[in-house]
Amino acid sequence: MAEKGVAIAPAEGKLGVLLVGLGAVSTTFVAGVEAIKRGLAQPVGSLTQMGTIRLGKRTDNNVPKIKDFVPLATLEDIVFGAWDIFPDNAFDAAMNAGVLDKDLLNQVSEQLASLKPMPAVFEQNYVKRLHGENIKSGKNKMELAEQLIDDIASFKSKNGCDRLVMVWAASTEIFLEGSDVHSSLEVFEKGLYDSDPAIAPSMIYAYAALKSGVPFANGAPNLTVDIPALRDLADQMRVPICGKDFKTGQTWMKTLLAPGIKARMLGLDGWYSTNILGNRDGEVLDDPENFKTKEESKLSVLEHILQPEVYPDLYEGFSHVVRINYYPPRGDNKEGWDNIDIFGWLGYKMQIKIDFLCRDSILAAPLCLDLALFLDLAQRAGMKGVQEWLSFYFKSPQTAPGLYPEHDIFIQLMKLKNTLRHLRGEDLITHLGLEYYD
Ligand SMILES: NC(=O)c1ccc[n+]([C@@H]2O[C@H](COP(=O)([O-])OP(=O)(O)OC[C@H]3O[C@@H](n4cnc5c(N)ncnc54)[C@H](O)[C@@H]3O)[C@@H](O)[C@H]2O)c1
């Protein structure tokens with residue numbers, strides 16, 4: 001008898017995780033995985049490592065760990081590769097980023113020091129504040145893509161990897177809207193030969209990944225793989241993709257609170273969010289063109305959750321302001337403030353204040369891990385194109401064209417877990433629960 005659920009190839013052999021950008025997030029991810037493998041720490045914040053999934057009825061008491069329920073690569077199977085515009089190895093880059101304690105880094109120094117970034121595809125116009133020297137040159141953008149395709153193939157064979165995934169954890173590029181050159185694979189490829197200025201470096205990485213059959217996740221708000229040309233390529237190559245912009249600090253808070261405010265049919269006059277951030281990401285985002293990309297991503301969330309067109313009396317015309325201020329003394333330890341002006345019964349006004357003293361890369365690292373493992377699972381399960389079930393991880397979830405994104409984190413989580421149940425042929429959980437009262 002056929003096994004129930006979807007056929008999933010086993011997670012055998014090594015999984016290469018290729019990181020674009022070896023900065024604060026990437027090094028915190030890599031060092032964390034190495035530390036966890038050595039039993040020095042727990043994978044806190046990772047759904048794939050610590051999360052469970054309920055199967056069947058509540059009375060069945062069947063709640064396995066997600067990693068025991070679906071066949072995921074283990075941490076021992078992971079091999080890391082990276083590209084960066086700076087030549088520092090992962091140990092030096094992690095020291096520089098200043099996220100993790102020196103003591104911890106010293107305990108995994110050998111593994112980190114052996115991770116040296118490959119020369120990057122970079123264009124100054126897209127990230128004006130950074131000036132690196134570990135950069136590829138080529139006569140056009142197609143040649144740069146081919147160099148990346150070679151990097152991917154030689155990484156795979158040198159490290160004996162069975163499968164690869166790529167995660168963009170490099171700097172946020174300047175704001176870019178979709179244009180003609182993004183509209184089909186044919187014109188995009190011509191644009192690569194012509195070095196069209198509207199083809200961003202991140203798109204060249206994504207193109208190289210997809211051409212190599214490698215799943216791609218976009219942790220930054222850049223357009224990148226969210227264009228028809230690359231969505232079509234992902235479908236053609238039967239490769240899963242997802243993005244955009246890791247949902248970590250303030251936006252995570254927003255997607256927790258806004259559904260709650262709406263659930264109680266409370267109104268919103270305004271939501272003012274500001275941050276101070278002193279890491280390299282903060283420095284890049286200090287440039288207005290780069291901040292614009294982040295701002296668009298952060299702003300979209302409330303409109304979608306609150307649906308002012310459906311609830312005009314509660315949400316029409318609310319004011320939503322988001323600021324990020326570069327403030328070096330705080331490094332990676334961001335402080336995010338929210339002032340939320342709400343109103344209740346008979347229009348009486350109230351305020352909610354949040355002061356979140358968070359650590360950006362500590363929040364982002366487990367998301368990188370989960371995305372790498374879930375994308376690899378999706379690939380082995382034959383899932384291609386946009387993986388909307390991974391919306392849970394993103395501020396601006398990528399969806400099929402014409403479909404509005406689901407931002408409510410609890411719906412996103414339910415969707416993620418139901419997708420896993422579906423893959424394994426388990427009943428989906430609707431929370432109806434009438435059977436308990438029959
Ligand atoms: N930490 C979070 O909570 C969080 C949340 C959402 C999104 N992000 C995004 O994740 C990304 C990484 O954040 P971070 O804090 O690690 O930043 P970072 O500045 O520490 O690291 C980014 C690295 O990317 C490199 N880089 C830039 N352009 C490159 C290119 N074309 N190719 C290869 N490398 C390139 C930079 O040299 C740098 O080392 C940023 O885009 C950030 O906006 C972070």
Side-chain angles (χ1 to χ4, degrees), residues 18-31 45 81-90 92-100 117-136 141 144 147-148 151 166-174 199-206 208 217-222 224 243-253 275 277-287 290-298 324 326 331-334 336 356 358-368 371 393-396:
L18 294 168
L19 299 164
V20 190
L22 192 56
V25 171
S26 292
T27 55
T28 306
F29 168 34
V30 176
W83 292 270
D84 203 289
I85 66 168
F86 298 109
D88 300 350
N89 65 45
D92 294 335
M95 290 293 251
N96 224 348
V99 178
L100 299 174
M118 298 176 264
V121 171
F122 185 70
E123 202 177 323
Q124 195 67 59
N125 179 43
Y126 277 89
V127 184
K128 298 205 176 59
R129 297 278 161 112
L130 299 186
H131 303 273
E133 64 279 13
N134 191 36
I135 292 172
K136 293 189 195 306
K141 291 186 176 178
L144 295 173
Q147 289 178 34
L148 289 173
D151 286 352
M166 192 187 290
V167 180
W168 175 275
S171 310
T172 298
E173 296 174 329
I174 55 168
I199 297 183
S202 62
M203 293 173 180
I204 305 177
Y205 283 97
N218 181 12
N222 333 304
T224 311
K244 314 186 282 275
D245 206 6
F246 300 130
K247 176 154 78 175
T248 50
Q250 198 163 49
T251 309
W252 167 58
M253 275 289 154
N275 297 274
L277 176 63
N279 59 14
R280 193 183 278 159
D281 188 30
E283 190 181 349
V284 169
L285 295 174
D286 206 36
D287 185 286
N290 297 75
F291 175 66
K292 168 95 173 130
T293 315
K294 193 58 114 178
E295 187 184 25
E296 291 283 319
S297 171
K298 281 177 166 265
I324 297 181
Y326 177 50
D332 201 66
N333 295 352
K334 181 161 82 178
F356 187 14
C358 66
R359 291 173 188 262
D360 245 14
S361 303
I362 294 294
L363 292 168
L367 309 195
C368 291
L371 284 165
Y393 293 103
F394 296 110
K395 285 202 234 335
S396 305

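We count ligands from 1, going down the list as the structure has it; atoms in each ligand are counted the same way.
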Inset, instruction - Using modelled atom types only, decide if a donor and an acceptor are shared between the side chain of T248 and the backbone of L363 within a distance under 3.5 Å. - result: no

Legend entry - K395 side chain to F246 backbone, donor-acceptor under 3.5 Å: yes

Inset, instruction - Calculate, to the nearest 0.5 Å, the distance between atoms OG1 and CD belonging to T293 and E173 respectively. - result: 8.0 Å

Inset, instruction - State, with a plain yes or no, whether a side-chain heavy atom of L148 is found less than 4.5 Å away from one of K136. - result: yes

Legend entry - With sequence neighbours excluded, residues passing side-chain hydrogen bond (donor to acceptor under 3.5 Å, both in side chains) with W83: D151

Legend entry - Side chain proximity check, F86 to R280, heavy atoms < 4.5 angstrom: yes

For ligand 1, list all ligand N or O to protein N or O distances below 3.5 Å, rounded to 0.1 Å.
residue	atom	partner	partner atom	Å
ligand 1	1 (N)	D360	O	3.4
ligand 1	3 (O)	T248	OG1	2.7
ligand 1	3 (O)	D360	O	3.2
ligand 1	3 (O)	D360	OD1	3.3
ligand 1	16 (O)	A24	N	3.1
ligand 1	16 (O)	V25	N	2.8
ligand 1	20 (O)	A24	N	2.8
ligand 1	24 (O)	S171	N	3.4
ligand 1	31 (N)	V121	O	2.8
ligand 1	32 (N)	Y205	OH	2.9
ligand 1	37 (O)	D84	OD1	2.7
ligand 1	39 (O)	D84	OD1	3.3
ligand 1	39 (O)	D84	OD2	2.7
ligand 1	39 (O)	R280	NH1	2.8
ligand 1	41 (O)	A170	O	2.7
ligand 1	41 (O)	T172	N	3.1
ligand 1	41 (O)	T172	OG1	2.9
ligand 1	43 (O)	T172	OG1	2.9
ligand 1	43 (O)	D281	OD1	3.0
ligand 1	43 (O)	D281	OD2	3.3
ligand 1	43 (O)	K294	NZ	3.0

